[in-house]
Amino acid sequence: PDVMIFQLAQHQGGPLRVRAGQDREALDENTAVLAAAEAELGPDHPRLLPLLEERRELLTRVGDTKAAKQVEKRIKKISR
């Protein structure tokens, strides 16, 4: 989990990019951090929820509503 802490700490720039209107860059960062977190925790771990919620928001902001809906389904599945 030291690796996980390091990667989540690096991820803290994501929300700042969103506020600055850098949605694509934030989405790229989210993709990388989510992949690392999934490798560390597994694809259905509840600690992924904040990253998935951010991903859903970013996908919506860049106009990829189909992908955002898929992420929403995944969020609901993990939240059960």
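Quick caveat, the model's predicted, so the values are computed rather than measured.
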Report yes if some heavy atom in the side chain of Ile75 is under 4.5 Å from a heavy atom in the side chain of Val71; otherwise report no.
yes
With side chains defined as the heavy atoms from C-beta onward, is the minimum distance between Arg74 and Leu48 less than 4.5 Å?
yes
Distance check, rounded to the nearest 0.5 Å: Glu38 atom CD versus His45 atom NE2?
12.5 Å
Side-chain heavy atoms of Asp64 within contact of Lys66, under 4.5 Å
yes
State, to 0.1 Å, how close Ala37 and Leu51 come at their nearest heavy-atom pair, and which atoms those are.
CB-CD1, 3.8 Å
Inter-residue atom distance Lys73.NZ - Arg56.CZ, 0.5 Å rounding
14.0 Å
Here the gap from Arg47 atom CZ to Leu41 atom CG, rounded to the nearest 0.5 Å, amounts to 5.5 Å
Rounding to 0.5 Å, atoms CD (Glu53) and CG (Leu58) come to a distance of 12.0 Å
Smallest heavy-atom separation, Leu59 atom then Leu27 atom, equals CD2-CD2, 3.9 Å
How would you list, by chain and number, every residue that makes a side chain to side chain contact (heavy atoms under 4.5 Å, CB included) with Lys77, sequence neighbours excluded?
Asp44
Test side-chain hydrogen bond (donor to acceptor under 3.5 Å, both in side chains) applied to Thr31 - qualifying residues, sequence neighbours left out:
Arg55
